[in-house]
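One structure is given here, and the rest of the page talks about it.
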Amino acid sequence: MTFETLDGVLPVDKPAGPTSHDIVAIARRALNTRRVGHTGTLDPFASGLMLLCLGQATRLAEYLTGLSKEYRATARLGFATTTDDVEGTPIEPTDAWQSLSPDDVTNALSAMVGGVKQVPPAFSAKKLAGERMYERARRGEVVEQQPVSVVIHEIRIVEIALPDITFDVRCSSGTYVRAIARDLGVKLSVGGHLTALRRNAVGDFTVENAVTLNDMHDESRVRAAWISPLEAMRHLPQYSIGDDAVAAITHGRAVPAPVDTIENTPIVLTRGDTLVAIASSHNGALHPRKVFSHD
């Protein structure tokens with residue numbers, strides 16, 4: 001099976017264990033193509049939805065990475081860890097969690113909803129001076145992390161079985177759910193870390209439609225889950241253009257923008273059911289940013 005000439009996005013249900021890089025490597029071998037990229041990492045211990053871009057669709061990854069994410073997570077109270085998750089070394093265990101009530105937990109989580117400043121975990125893929133933070137942490141370097149602005153749209157508690165709390169969270173791209181568990185422990189003065197994490201959705205793409213690693217060897221299953229480049233961009237405004245505009249865009253020339261176009265926003269240009277280009281609006285014109293081959 002080869003997908004070298006097929007462009008699109010493949011939703012994959014990552015199991016716990018492999019790294020995101022491992023998933024890309026597995027997809028390259030199973031689909032017999034080198035042009036594979038992902039739109040956002042998942043920690044090795046986490047499972048759930050990864051969107052893999054193949055062929056020309058690798059150029060669309062930047063328009064998918066910023067989509068909101070939905071997770072189901074389990075936090076354990078009683079101690080923090082060096083990595084803010086179950087794989088780290090425990091820090092100052094305490095049994096103070098035994099005095100907590102479900103209302104204490106609910107109120108603390110509710111207070112975390114909204115626009116917040118979040119300090120990324122020390123062991124994270126975030127780069128500082130071109131180097132991943134986890135590489136510095138593994139060398140024992142202590143680097144002061146600067147808080148970043150994220151949005152936690154919703155937290156819904158699924159179960160409180162202290163010291164464990166299972167909850168669903170919908171959040172902006174760049175949010176660390178490990179940090180939510182850590183900060184919950186801080187708010188309750190008992191320490192906390194993440195023990196399980198599953199990504200259920202990226203934007204409005206859900207894990208229910210994803211292929212497993214075993215499915216990657218089943219061409220019919222892969223094709224059934226396949227998302228076309230145009231469908232993958234359905235969260236962006238779309239504008240259908242005629243043959244003359246297609247010719248202009250594919251030669252790098254701007255075309256008139258619709259009157260209601262928002263300045264400097266990405267716009268999907270289509271011809272029928274084909275993605276022609278991603279453009280941006282400026283001074284009443286649509287300027288091509290990424291042009292895709294077409295018949």
Side-chain angles (χ1 to χ4, degrees), residues 1-12 20 23-25 27-41 49-68 173-174 201-206 209-211 216 219-295:
M1 178 173 61
T2 178
F3 285 84
E4 291 179 351
T5 60
L6 189 59
D7 307 311
V9 175
L10 182 64
V12 175
S20 298
I23 300 301
V24 170
R28 285 173 174 161
R29 291 193 298 270
L31 304 177
N32 193 25
T33 179
R34 297 295 303 170
R35 298 187 67 185
V36 181
H38 65 72
T39 63
T41 60
L49 182 62
M50 287 184 61
L51 297 178
L52 300 187
C53 296
L54 282 78
Q56 288 196 79
T58 54
R59 302 169 63 207
L60 298 175
E62 66 179 277
Y63 302 106
L64 294 168
T65 54
L67 293 176
S68 62
S173 178
V202 175
D204 60 1
F205 300 103
T206 65
N209 300 316
V211 299
M216 284 191 193
E219 183 171 356
S220 63
R221 182 67 187 92
V222 169
R223 291 186 182 274
W226 199 264
I227 301 169
S228 72
L230 182 55
E231 185 184 0
M233 295 292 100
R234 65 194 184 200
H235 58 286
L236 296 177
Q238 298 188 4
Y239 180 47
S240 179
I241 58 177
D243 292 339
D244 290 345
V246 169
I249 287 290
T250 53
H251 286 87
R253 300 194 301 272
V255 299
V259 294
D260 58 349
T261 302
I262 300 175
E263 192 82 350
N264 297 320
T265 58
I267 297 176
V268 176
L269 302 183
T270 68
R271 183 61 169 149
D273 59 357
T274 300
L275 171 62
V276 175
I278 305 292
S280 63
S281 176
H282 182 61
N283 289 337
L286 296 176
H287 299 266
R289 299 302 180 218
K290 293 178 189 264
V291 177
F292 297 86
S293 62
H294 64 286
D295 295 330

When rounded to the nearest 0.5 angstrom, what is the spacing between CZ in F292 and OG1 in T270?
13.0 Å
Side-chain donor/acceptor of R28 to backbone N/O of V36, under 3.5 Å
yes
Would you find a donor on one side and an acceptor on the other, under 3.5 Å apart, between the side chain of H235 and the backbone of D204?
no
Is any side-chain heavy atom of M50 less than 4.5 Å from a side-chain heavy atom of V202?
no
Do L54 and W226 come within less than 4.5 Å of each other through their side chains, counting heavy atoms only?
yes
H38 NE2 to L10 CG distance, which is reported to the nearest 0.5 Å
14.0 Å
Hey, are R289 and E62 close enough for a salt bridge, meaning a charged N less than 4.0 Å from a carboxylate O?
no
Less than 4.5 Å apart, any side-chain heavy atom of V268 and any of L275?
yes
From S280 atom OG to K290 atom NZ, the distance as rounded to the nearest 0.5 Å:
12.0 Å
Exercise: identify the closest heavy-atom pair between G55 and D7
CA-OD1, 3.4 Å
Quick one: does L230's side chain get under 4.5 Å of Q238's, heavy atoms only?
yes
Can you tell if the side chain of I278 reaches within under 4.5 Å of the side chain of L60, non-hydrogen atoms only?
yes
Do other residues, nucleotides or ligands put more than 12 heavy atoms under 6.0 Å from D244 CG?
no
Quick one: are M216 and L52 in side-chain contact, heavy atoms under 4.5 Å?
yes
Got a sec: does the CD1 of I262 have more than 12 other heavy atoms crowding it under 6.0 Å?
no
Can you find a pair of side-chain heavy atoms, one from P258 and one from L286, that are under 4.5 Å apart?
yes
Just by modelled atom types, is the V291 backbone N or O under 3.5 Å from a matching donor or acceptor in the R59 side chain?
yes
Rounded to the nearest 0.5 Å, what separates atom CZ in F205 from atom CG in L49?
9.0 Å
I'd like to know if the side chain of T41 reaches the main chain of S20, judged simply by a donor and an acceptor atom lying under 3.5 Å from each other, with no hydrogens or angles considered.
no
I227 versus A232, closest heavy-atom pair with distance
CG2-N, 3.6 Å
Side chain to side chain, L67 and T39, heavy atoms closer than 4.5 Å:
no
